[in-house]
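Okay, so here's the structure we're looking at.
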Amino acid sequence: MAYEGVSNYCHSAYDWSIAKENPSIMYVQMGEETDSAYQVVFRSYTGAFVNFYVDKATGTTRMEEYVPALDVKSDAGTIELFDYLKKNQ
């Protein structure tokens, strides 16, 4: 669920058109798992990464952006993971 919700968020929040000809330039993948959170990583075509830390108990997701070329990390806000999961009917 962590991966699905973050992937849905990334596909709605970021412009993926640049990745149509080169799909490996942008992606979402699972990162590390701790006792309390899942990490999901989004890579932008700019080379920046957004790390999503999904709280296992609540689904609240903290975002942290990292730009390797500048070695800069910054807080990028939070999302509610459940807002980006498909509703089962």
Side-chain angles (χ1 to χ4, degrees):
M1 285 189 355
Y3 175 84
E4 180 185 351
V6 170
S7 180
N8 290 343
Y9 169 81
C10 290
H11 279 85
S12 69
Y14 301 105
D15 178 12
W16 287 73
S17 65
I18 193 140
K20 284 183 182 177
E21 291 186 25
N22 185 1
S24 65
I25 201 167
M26 289 175 72
Y27 57 82
V28 178
Q29 69 183 22
M30 288 299 296
E32 298 177 1
E33 178 181 352
T34 66
D35 290 340
S36 61
Y38 296 107
Q39 178 191 30
V40 183
V41 180
F42 165 72
R43 184 197 187 275
S44 171
Y45 70 91
T46 64
F49 293 89
V50 180
N51 294 298
F52 294 82
Y53 299 97
V54 181
D55 185 288
K56 289 181 176 181
T58 67
T60 300
T61 305
R62 180 177 62 86
M63 301 181 302
E64 178 181 270
E65 185 171 10
Y66 175 60
V67 181
L70 304 174
D71 194 28
V72 173
K73 287 184 183 179
S74 61
D75 181 22
T78 61
I79 63 169
E80 281 298 323
L81 182 75
F82 297 114
D83 291 345
Y84 295 93
L85 292 173
K86 293 180 180 144
K87 307 272 190 263
N88 292 330
Q89 307 243 349

Residues Asp71, Tyr66; criterion side chain to side chain donor-acceptor pair (under 3.5 Å); working and verdict: CA-CA 7 Å; Asp71 194 28; Tyr66 175 60; 3.1 Å; yes

pair Ser44-Phe49: side-chain heavy atoms closer than 4.5 Å: no

Pairwise distance OH(Tyr53) to OG1(Thr78) - rounded to 0.5 angstrom: 14.5 Å

Separation of Phe82 CZ from Thr58 OG1 (nearest 0.5 Å): 7.5 Å

Test item: Val50 and Glu64 side chains (from C-beta on) under 4.5 Å apart, heavy atoms: no

Joint cluster assignment, Phe52 & Val28, ILVMFWY side-chain distance < 4.5 Å: yes

same_hphob_cluster(Met1, Ile79) at 4.5 Å side-chain heavy-atom cutoff: no

Passing candidate, side chain to side chain donor-acceptor pair (under 3.5 Å) with Asn51, options Gln39, Lys73, Arg62, Glu65: Gln39

Closest contact, heavy atoms only, Val41 versus Gly31: CG2-CA, 4.4 Å

Approximate separation, where rounding is to 0.5 Å, of Asp55 CG and Thr60 OG1: 6.0 Å

Side chain Ser74, main chain Val72, donor-acceptor under 3.5 Å: no

Sequence neighbours excluded - salt bridge (charged side-chain N to carboxylate O under 4.0 Å, His left out) pairs with any residue from residues 23-46: Glu33-Lys56

For Gly47 against Pro68, the heavy-atom pair lying closest together: O-CD, 3.4 Å

Minimum heavy-atom distance between Ser17 and Asp15, given as atom pair plus value: OG-OD1, 2.7 Å

Hydrophobic cluster membership, Val40 vs Tyr45, 4.5 Å side-chain cutoff: yes

Trp16 (side chain) donor-acceptor with Cys10 (main chain) under 3.5 angstrom: yes

Flag side-chain contact, heavy atom, 4.5 Å: Val6 against Tyr84: no

Same cluster (ILVMFWY, side-chain, under 4.5 Å), Tyr38 and Leu85: no

Ala48 to Val67 - nearest heavy-atom pair and separation: CB-CG2, 4.2 Å

Distance, nearest 0.5 Å, that separates CE of Met26 from OG1 of Thr46: 8.5 Å

Parallel, tilted or perpendicular: rings of Phe42 and Tyr14 (30°, 60°): parallel

